[in-house]
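Just below is one structure, and these are the notes that go with it.
FYI, the numbering just counts along the sequence from 1.
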Amino acid sequence: MTKKTTPVSPDFLYQQIADRFEHLITSGVLKTGDKLPSVRALSDEQGISLSTAFRTYCELEAKGMIEARTKSGYYVSYRKRHLAPAPVESKPDADPARISVDDMIAQVYQHRSDEGITQLALATPALELLPQSKLNKALVEALRTHPASCLNYEEVQGNRLLRKQIARYAVSGGITVTENEVVTTHGCVDALTICLRAVTVPGDTVAIDSPTYFGIFSVLQGLGLKALQIPTHPVSGLDLDYLENSLNNVRIAACLFVPTFNNPTGSCMSDDRKQQLVNLLANHEVPLIEDDIYGELYFGKQRPRTCKSYDQSGLVMLCTSVSKTLAPGYRVGWCLPGRFLPNVLNQKRMTAVSSTTVTQLAVGLFFENGRFDLHMRNLRKALHTQCLQYSQAISAYFPADSKMTNPQGGYVLWLEMNQSVNAYDLFQTALRHKISIAPGPIFSTDGRFSNYFRMSFGRPFDGQIEEGLKKLGSLIQ
């Protein structure tokens, strides 16, 4: 009996072929300037229709991987420079330091909403990438179906439907939890703050990535905590040897790391190294607060595993939100606090009592009806394309000795300029030209990374972005 085969959808087929070409280009098998087969030749070689072959090349062209030349065909146009390992002198001091929040952070925030500025500083999604109309429907449905029209106080632990959906989605990160192990919060920073309060007291030392998101410094300062900076490689992430040595020599009350698509480097620790990290901290009985806010924004085929997925002792407290994926303004976040659940609930009662009912329920409904999955597929594809387009423009317009990361997810590029370039001076000069970047010194407690800056590719690449990058390159020059 002949076995029937299921035909492959043309939509899926063109993406498969485009992915293969992309791998050949980014790995260097196909080099810049190489001529590709014609659309007809590709059709014949792959046994696909002309329309599918053309769509394959359109996909690669949109990502900046290839270019069409009039009456000549398609050619590889992709160029990428990678950031070298951080120099030895950029490693932070071994002694914990009191947090000092620099004026530069305030200035970056000050211009976050200015009109007419080419905004490259903020690691957030552009409004046009978010499903506004579908979220509006979810809000209306929440108000219509809730027995009290969302006017009552929510449960302290959080909206039950949302917690059920969070538990269901946690499986993608390798985590198995129930709704009773989830606590909702007012965004990810609120989750980090509550978890820190649950496991530390003022004066304690907390180990953090270096560089890391500058908002963490404000949280630590507000809680009266000291920071011990652990060097982070722009590709492989945390320096585990440095961390182990620190654990043996300094009393560390907790660690707060961003293992998956770190902000600002974009680094992602491998699964093996995440497991090593969890085991190392378990041996020292030190809690790990895992900031996983970028974990769903992967460009590859599979979501990276979380540190939480390797947790056997309940010491890992995972924190995240929908602020980078779905609705920044809804302020819906959550944590999976493990053995510290009672402490976290107690801290939440003291600070917020409960979370907002209507936005939690709306997000829960959005998850439940499958709209989140569809939205995330589209968002990941858009961000991947934008990352490549921004990288191409930087390669074209920035000085030849510039270096940049090659993130496999998230929102940001981490750029290293010639040592003669002062990132803060560049930030101020760029602002006068209506361009906003995030200078490197704000990502450490002691003002290092003076010739680095972070750039977000959260906004779709267009003429204004390209002109902004061209101008920025000339200012650096």
Side-chain angles (χ1 to χ4, degrees), residues 92 96-101 105 123 183 185-232 237-240 242-244 246-247 250-265 267-269 273-274 276-278 280-282 284-295 306-308 310-311 313-321 323-324 333-340 343-344 347 351 410 442-446:
R98 291 282 176 187
I99 299 296
S100 59
V101 181
I105 297 176
V183 180
T185 61
H186 294 289
C188 189
V189 172
D190 185 43
L192 298 174
T193 304
I194 290 173
C195 287
L196 280 168
R197 288 170 62 98
V199 296
T200 64
V201 296
D204 278 348
T205 294
V206 176
I208 61 174
D209 316 79
S210 180
T212 196
Y213 169 54
F214 49 81
I216 288 173
F217 307 147
S218 300
V219 172
L220 296 178
Q221 183 186 41
L223 296 178
L225 300 171
K226 293 181 286 185
L228 177 62
Q229 299 179 94
I230 307 299
T232 301
L238 280 169
D239 185 333
L240 294 180
Y242 191 103
L243 175 62
E244 184 172 16
S246 299
L247 288 165
V250 180
R251 184 189 176 280
I252 297 175
C255 294
L256 197 170
F257 297 140
V258 190
T260 305
F261 311 131
N262 166 280
N263 176 9
T265 67
S267 64
C268 183
M269 296 179 71
R273 299 187 74 250
K274 286 176 180 174
Q276 290 175 38
L277 171 61
V278 172
L280 173 63
L281 295 181
H284 289 266
E285 280 287 307
V286 174
L288 169 61
I289 300 171
E290 179 181 13
D291 183 345
D292 191 54
I293 195 168
Y294 300 103
T306 60
C307 290
K308 181 69 176 176
Y310 297 107
D311 183 23
S313 56
L315 281 168
V316 180
M317 310 167 76
L318 182 139
C319 301
T320 187
S321 78
S323 296
K324 305 297 184 184
W334 58 90
C335 61
L336 310 178
R339 70 162 76 165
F340 305 104
N343 309 49
V344 165
Q347 291 299 326
T351 56
I442 69 174
F443 297 98
S444 72
T445 63
D446 50 9

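- Here the straight-line distance linking atom CG of Leu225 with atom CD1 of Ile216 works out to 12.0 Å at 0.5 Å rounding.
- Distance check: Asp209 CG to Asp239 CG gives 11.5 Å after rounding to the nearest 0.5 Å.
- Closest non-hydrogen pair, Ser267 versus Gly237, comes out as OG-CA, 3.6 Å.
- Taking a cutoff of 4.0 Å between a charged side-chain nitrogen and a carboxylate oxygen, Asp204 and Arg251 qualify as a salt bridge.
- Here the side chains of Glu290 and Phe257 are not in contact, with every heavy-atom distance at 4.5 Å or above.
- Closest approach of Leu228 to Ser246, counting heavy atoms only: CD2-CB, 3.8 Å.
- Between the side chains of Thr445 and Gln229, at least one donor-acceptor pair of N or O atoms lies under 3.5 Å.
- Residue Leu243 holds its CG atom at 5.5 Å from SG of Cys255, rounded to the nearest 0.5 Å.
- Of the options Asp291, Thr265, Leu238, a side chain to side chain contact (heavy atoms under 4.5 Å, CB included) to Val258 is made by Asp291 and by none of the others.
- Rounding to the nearest 0.5 angstrom, the gap separating the CD atom in Glu244 from the CD1 atom in Ile230 is 11.5 Å.
- For the side chain to side chain contact (heavy atoms under 4.5 Å, CB included) with Lys308, the qualifying choice from Asp292, Leu318, Leu288 is Leu318, the only one to do so.
- Between atom CG of residue Asp311 and atom SG of residue Cys307 there is a gap of 9.5 Å, rounded to the nearest 0.5 Å.
- Taking 4.5 Å as the limit, some side-chain heavy atom of Val183 sits within range of a side-chain heavy atom of Pro337.
- Taking the side chain as every heavy atom from C-beta outward, Pro231 and Ser210 never approach each other to under 4.5 Å.
- Taking 4.5 Å as the limit, every side-chain heavy atom of Ile442 sits out of range of all side-chain heavy atoms of Phe217.
- A donor-acceptor contact shorter than 3.5 Å is absent between the side chain of Lys226 and the backbone of Val206.
- At least one side-chain heavy atom of Leu256 sits less than 4.5 Å from a side-chain heavy atom of Leu196.
- One distance of note links CG of Leu247 with NE2 of His284; it measures 5.0 Å at 0.5 Å rounding.
- Here the shortest heavy-atom pairing between Pro287 and Phe340 reads CG-CZ, 3.8 Å.
- Across Lys324 and Ala123, no two heavy atoms sit closer than the pair NZ-O, 2.8 Å.
- Tyr213 has its side chain out of reach of Pro264: every pair of non-hydrogen atoms, C-beta onward, lies at least 4.5 Å apart.
- At a threshold of 4.5 Å between non-hydrogen side-chain atoms, the residues Thr306 and Lys274 do not count as touching.
- Looking at Ser321 and Thr185, their side chains never come closer than 4.5 Å, going by heavy atoms from C-beta outward.
- Although no hydrogens or angles enter the test, the distance criterion places no donor-acceptor pair under 3.5 Å between the side chain of Thr212 and the main chain of Ile208.
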